[in-house]
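One structure below.
Per chain, numbering begins at 1; letters A, B, ... match sequence-line order.
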Amino acid sequence: MEDTGSIVAFWLLAALTLGSALAVVLIRDLIRAVVLLITSFLGVAGLYITLSADFVAVVQVLIYVGAISVLMLFAIMLTPRAGRNNAETFFRIPGILLAGLMAFTISLVSLDTDWAVVERGGFEETASAIGEALLDKYVLPFELAAVLLLVAMLGAILLVHPEGTDEE
Amino acid sequence: MSMKTEPFVVNIGPQHPSTHGVFRMRLTLDGERIIDADMVIGYLHRSMEKLAEERSYTQNIPFTDRTDYVAAMTGNLAYVLAVEKLCGIEPPERASWLRVIMSELQRFASHSMAVGVFANDCGTWQTPVMHMFREREKILDLFEMACGARLTTNYMRIGGVSRDVPPEFRPALRKLLDELPMRMGEYEDLLLENEIIVARSRGIGVLTPEVAINCSLSGPMLRGSGVAWDIRKADPYCVYDKLEFDICVGTDGDAYDRFLVRLAEMRQSIHILEQCLEMMPEGPVHSQITTATAQPGGQPSAPLTIRVPAGEAYGRIESPRGELGFYIVSDGGPAPYRFHIRSPSYINLTPLRELAIGATVADAIVILGSIDIVVGEIDR
Amino acid sequence: MPFLAKWYDLRDLGNAVGAFLDWIRDLGGPDWIPYVVSGLIGIVAILLWLLVSQLAFIWIERRVIGRMQARIGPNRVGPWGLLQPIADALKLLLKEAITNRYADKPLFWLGPVLIFIPALVVFAVIPFGEGMSLADLNVGVLFVIAITSINSIAIFISGWASNNKFALLGSMRAIAMLISYELVQAFALLGVVIFAGSMRLGDIVAWQSEFNTWMFLLQPLALVAFLIASAVEINRSPMDISEAESEIVAGYHTEYSGIKFGFFYAAEYFAGFAVSAIVVTLFLGGWTAFGLERWVPGWLIFLSKLYLVFFLFIWTRGTLPRLRIDQLMAFSWKFLLELLFIHILVVGAEVLIWHEGDYPAVVVLPIFAVINWTLAVALVVGWATFMGHLRPERRAKRAVLTQELGATYFRPAGGHGTGPMGEA
Amino acid sequence: MAIELEHYLILGALLFSIGLYMALAKRNFVGVLMGIEMMFNAVNLTFIAFSRFPRFADMTDAERLSGHVFVIFVITVAAAEAAVALALAMLVYRNRETIDVDRMDLLKW
C-alpha cells in the first residue's frame, strides 16, 4: 500500500482509533467514554476499509456501533445508582505494567519477525466469497454461532426478566 | 418493556401540550408504566364562587360563561334555572325552546372539541381537531347571530333569554342541520372505525359502573360505563320532556366507549335540533318583556337586578360534560349568599388516579383526553 | 471550455462531471486531484439538492397538511407563502439556542450534529441516475442498514445530554423502536438482495431494468414492511412515538431550541429523503421506468419517484393517529418479523427454482409476482386473524341507544351480552 | 513510507494493551466490558491485516478470506457476550445496587 491516499488514511484512522481509545481510558464520565469508544470502533471500521475488507467494515459498524454500544449505553442508563464514574481500582499500577509489557512484547515480536509477506493487493469483492465460505466450508461454526446467539438471547432475557412477572 | 428501572417522577403539566390547559399530573413512572399519579389542580383558580357573592344575580351570569368556557351556553342555563327555581319564575315557551336549541348546539360544539382533542391525544397531528373546528365555527356563527358573542355568550337571562334570534337564524340552522349528518358519517367512518384509535383506546381506563357511580360521575363518563343516566331524561328541564331522543351508552366502560358516547350524542343533538326547528313556537322570549321583540336597535333589555326571596335552590342540567349544578342560597339580598358550582369536570377527575395507575404514559394521556376536562371548570 | 461540449446530454449528469474531470486531468497536476474534485462535486451537488428539496418540502408539507386539515396553510410570506420555509429558517437562526444548565454540554452539542451523519452518508451509495452515484459500494444495502443504525446513538446522546425526563423517555423509546425495526428493515431488504443477487444498489436497479419489473411488484410484503420500518426510522406518524407531542412534548429534542432544533428538523427531512431514495432504488426501479429513461433523464425519474414516496409520509402524518410503544414493538416482533421470515423462505425457494431450472424470466417472474401477492394478502389476513385482531373487543363498535333510564349496559370486556344486566 | 503489515500489528498491539488495561483496572463493569470489546477489535484488526498481507503466493482468495470469516465469528461471539454480560450487570445491580467489580465480593447473590 504505497499510494498517498492509503498512507494518509492509515495514519489518520490510526490516530483516531488510538486517540479515542486512550480517551476512553482517561475520561471520567462513562457515557462520554462510550461515545468515544464508538469513535474508536468507527476508526477500526475505517482501518478495515484500508485493508479492503468492506464487508467486515460494514458489519463492524452495524454490530459494534449500532448494537453493542447501544447495549452499553442502556446498561449505564438502567443502573443509575451505580454511579457513572469510570475510575480505576487498585489494579491501576499492575494494569499499566501488564498492558505496557504486552504492547512492548507484541510490537517487538512483530517488528522482529520476518513476515515474508507476498504483496497480493486488496480483494475485489469479499461479501460473496465470505457468504460462500460461511455456508460451505464453515457451515458447522456458522450453525454453532447461530445457536450461541439464540442461547445468549434466551439467557439475557431470562437473567433480566423480573421474577414473578409474566409477559401478557 | 419489562426491564426494571428506577421509579422516576414526571410532571405532565401544568405547561404541556395535552393537559388541555393548566392541569398537572405528577406521574411516578417505572419505565413507561405509571405506578403512582397525583393530580394537581388550582392553576386557573379565579375564586368565582366567592366573587359571585358580591355581585347581583344578573351580574353573575357572565361568570357562568367563564367556568366552562368550551360550553358557555349550558353554564348560563344551569345558573338561570337555579335562580328561576328560587324565584319561581317561569320563562315563556319560546325562551325554553331557544334554550334547548342553544344548549344542544353547544353540546355539539363542545363534543366536537372533545372528540377532536381526544383524537389529538391519540396522536393525530391536529387533523380531526381542525375538521371539528370547521363545524364548531359554524355553530359559533349561529351564537354570534343570536347574542353577538361567540365564546362567552351570556345569552340566558333569569326569566328567559337576552333577545330573540334574528330571522336569518332559522335558515342558517336549517342549512347547518342538513350538513351535519354527512359530517357525522365522515367522523364515524374516520375516527370511530380507525384501527389505531381502536387499538389505542379500547380496554384502556376501564371504569365499572359501580366505580363510576361511587365516584358520582355523570355525563359521557357515566354513560360510557354503561349506565343509562341523563338529566335531560331523569329530571327534564326546559322542554326536554317534549322531545324525543335516546340515551347513548357504552358497554365496556373504556376510553373508547366514552369517545363513542360523545359521537353518538352529537347525532342525538342533531335529532333534537331537528325537532326544535319544527316545534318551536313564536312568542316572547322573556317573562318580564312581553312583546316579541324586534332586533337590536329598539330591543328592551332584561332588568339588571332582581329581588330573590330568601331560600335555596339547586338547578341542574346535563351539560356536555355531565351534571352541571348550581346551588344558590339567598338571604333575600341583592347578591347570592352562597354560590356553589357542582362542576362535572372536577368530579369526573375523581377516578383518574385509579385509572392511570398501571397504565403507560401514553395511555394516561388518552384517559385524560377521554375524561374531557375543562380546566376553567375544575378550578372555577 | 471544452468540457461544456457534453452538457447537452442531460440524461446523465455524470457525463458533465466526467468531462469536467477530464479537463482537470488535462491541466496536469497530481493524479489524486480529480478524485477529490469528483467527490467534492458529488457532495456539494447532493447537499444543494437536499437543501433545496427540504425547503420546498417544508412548504409542500405545510400546504398539503393544511389542505388535509381544512385550512389554508402558510400564505403570507411571499406568493402562496412560498418564502415561509426561508422565514422559518431565519427565525431558527436568530433565536437563542438555549443550553440547559444541567446539560452535558459537549454531548448536547454533538447530538444535533451526529443526527445528520446517517441521513447524509446514505446518499453516497444511492444511484441518482446511470452511473450517478458517489460510491456504488458492493455492500451497498448492508451499508445503508449499518449507517442508519448510527441514528440511535445520535438520538440517545441528545436525549441523554438534555438532562430532561421527557427527552430521556423519548430517547429510550426511540432506541427501543429503532433496534426492533432495524431487524424488520434488514429482513425486508434481504428479499430484494436474494432476488437481485447483489448488494450493490446499482446492480439492483439494473436487475429491475433488465427484467422490466419493479421489485415491489414481486415483493409487496417487503415494500410494506420496509415502508413501515422507515416511518419508524424517520419518526413519521403513526410511528412518531419518540417525539410524541401529546405525550412527551417533543421527545429527545425537547430541550433544543434555535438552530440546534433546526438541525433536528432538517435531519428529519434529510432522513425522509434518504429512506424514500432507498425505497425508490430498491423497490420502484430507481432511475429506470420501463424504458422511459431513454427519453427522460434518469435522475428526473428518480427524483419524481422519490418525491412521490415522500409525499406518502406526509400523507400518513396528516391522517393517522399514533400507536403506543408496546403496540409498535409487538407489531414488529409478533407480526412483521414472522411474516418476513415466511416471505424470505418463499423468495429463497423461488430464486432456487428459477436458477436451478433455468426458466426464462418472462415466464417465471409473473408467476412469482402472483404467488407473492397472494401470499402477502393471505399472510397479513391470516396472521391478523390468528393474533386475534378480529375478535370483537378489538374492533370498532357503536353506542347502544336506549330509553330505559337507570339501566346498566356494562358487560366486561370479551363477554357477550346485549340487554341490560340489572338496575343501577 | 508505505503501510506494511507491521503497522497494523503494532496498532493492534497498542489497542489490545489499552483494552487489557481497561479490563484489568476499571472499576465499573461497563468499563471492563468496554476494555474487552476493545481487545476483540484489536484481534480482529490483526486477523484482517494478515488476510490482506498473506504469506504464501499460492493462496486462493477464498483461503485468504478465512480471516474475514473468523472475524465475523468473533463479532458474533462478542455480541452474544456483550448481551449476556450486560444482562448479568443488570442482575447484579438489581441485587446489590452497584456494578463496581471490586464490590462484587460476596461470591453469591
Would you mind checking which part of [X] comes under 4.5 Å of any heavy atom in chain A, side chain (CB onward), backbone (N, CA, C, O), both or neither?
{"X": "D/I72", "answer": "side chain"}
{"X": "D/A85", "answer": "neither"}
{"X": "D/F16", "answer": "side chain"}

Specify which of [options] makes the most heavy-atom pairs with chain A at under 4.5 Å.
{"options": "D/V30, D/L65, D/L15", "value": "D/L65"}
{"options": "D/T76, D/V84, D/V77, D/L24", "value": "D/L24"}
{"options": "D/L33, D/N44, D/L14, D/V71", "value": "D/N44"}

If you count heavy-atom pairs within less than 4.5 Å of chain D, which of [options] leads?
{"options": "A/L111, A/L71, A/I93", "value": "A/L71"}
{"options": "A/I106, A/L98, A/L134, A/L18", "value": "A/L18"}
{"options": "A/A152, A/A133, A/A99, A/A145", "value": "A/A99"}
{"options": "A/L47, A/T17, A/L150", "value": "A/L47"}

To the nearest 0.5 Å, atom OG of A/S40 lies from atom CE of D/M34 at 11.0 Å
May I ask you to check whether A/F55 and D/H68 place their ring centres under 6.0 Å from each other? no
Is there a side-chain contact between [X] and [Y], using heavy atoms and a 4.5 Å cut-off?
{"X": "A/F142", "Y": "D/V69", "value": "no"}
{"X": "A/V24", "Y": "A/R32", "value": "no"}
{"X": "D/H7", "Y": "D/L11", "value": "no"}
{"X": "D/F50", "Y": "D/L9", "value": "yes"}

Please classify the contact of [X] with chain D as side chain, backbone, both or neither, using a heavy-atom distance under 4.5 Å.
{"X": "A/F104", "answer": "neither"}
{"X": "A/I63", "answer": "side chain"}
{"X": "A/V34", "answer": "both"}
{"X": "A/A67", "answer": "neither"}

Given side chain to side chain donor-acceptor pair (under 3.5 Å), test D/Y8 with A/T50 step by step and report yes or no. CA-CA 11 Å; D/Y8 286 98; A/T50 65; 2.7 Å; yes
Sequence-distant partners of A/Y48, ring-ring contact (aromatic ring centres under 6.0 Å, His included), two or more places apart: none
Near D/F73 CZ, under 6.0 Å, is it more than 12 heavy atoms from other residues, nucleotides or ligands? yes
